Amino acid sequence: MTDIDTGKGIDIIFERGHLLEEVTPDGIANSRYNCNGQLIEAENTHRKPRRKYGAVGSCIAKTLTGGEVLNFV
């Protein structure tokens, strides 16, 4: 793919419908999924948030790059 604004190339890698890696002029972004196919981590040059899921599959917490935890009720 090519970025419309910059004209530079973007490489995107998918596996089984999930985004695994995106390489852009700004850097590399990687995504990790749990065995249920839910996104648990999306890391790029600037941040690395993590998600935690409950027994019924809903997101119950998100840990931000600085260590702050957001709990969802």
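All values reported here derive from a predicted model rather than from experimental measurement.
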field: Test side chain to side chain donor-acceptor pair (under 3.5 Å) applied to N34 - qualifying residues, sequence neighbours left out
entry: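 In terms of side chain to side chain donor-acceptor pair (under 3.5 Å), with neighbours along the sequence ignored, N34 is linked to Q38.
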
message: Going by the rule side chain to side chain donor-acceptor pair (under 3.5 Å), which residues pair with E21 if we only count those two or more places apart in sequence or in a different chain?
response: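 Testing E21 for side chain to side chain donor-acceptor pair (under 3.5 Å), a comparison that skips the adjacent residues, returns none.
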
message: Walk me through whether I12 and L19 qualify under side chain to side chain contact (heavy atoms under 4.5 Å, CB included).
response: CA-CA 7 Å; I12 301 173; L19 174 65; 3.3 Å; yes

Nonpolar side-chain network containing I28, other nodes, edges under 4.5 Å: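 Listed partners: V23.
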
- request: Please go through L64's hydrophobic cluster and name the other residues, only I, L, V, M, F, W, Y counting, with side-chain heavy atoms under 4.5 Å joining them.
  value: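 Once heavy-atom contacts under 4.5 Å are chained together, L64 belongs with L70, F72.
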
message: Please give me the minimum heavy-atom distance between G9 and P25, naming the atom from each residue.
response: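 Closest pair (atom of G9, atom of P25, distance): O-CD, 3.8 Å.
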
message: Ignoring hydrogens, what is the shortest heavy-atom contact between T65 and P49? Give both atom names and the distance.
response: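 The answer is OG1-N, 4.2 Å.
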
- prompt: Tell me, do S31 and L39 make a side-chain contact under 4.5 Å, heavy atoms counted?
  reply: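 Yes; the side chains approach each other to less than 4.5 Å.
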
message: Give me each pair satisfying salt bridge (charged side-chain N to carboxylate O under 4.0 Å, His left out) with a member in residues 56-73, each pair once, sequence neighbours excluded.
response: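 Sorted result for residues 56-73: empty, none.
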
field: Sequence neighbours excluded - side-chain hydrogen bond (donor to acceptor under 3.5 Å, both in side chains) pairs with any residue from residues 45-61
entry: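 For residues 45-61: E41-R50.
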
Qualifying ring-ring contact (aromatic ring centres under 6.0 Å, His included) pairs with a residue from residues 8-42, counting only residues at least two apart or across chains: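 Counting only pairs at least two positions apart or across chains, the ring-ring contact (aromatic ring centres under 6.0 Å, His included) contacts touching residues 8-42 are H18-Y33.
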
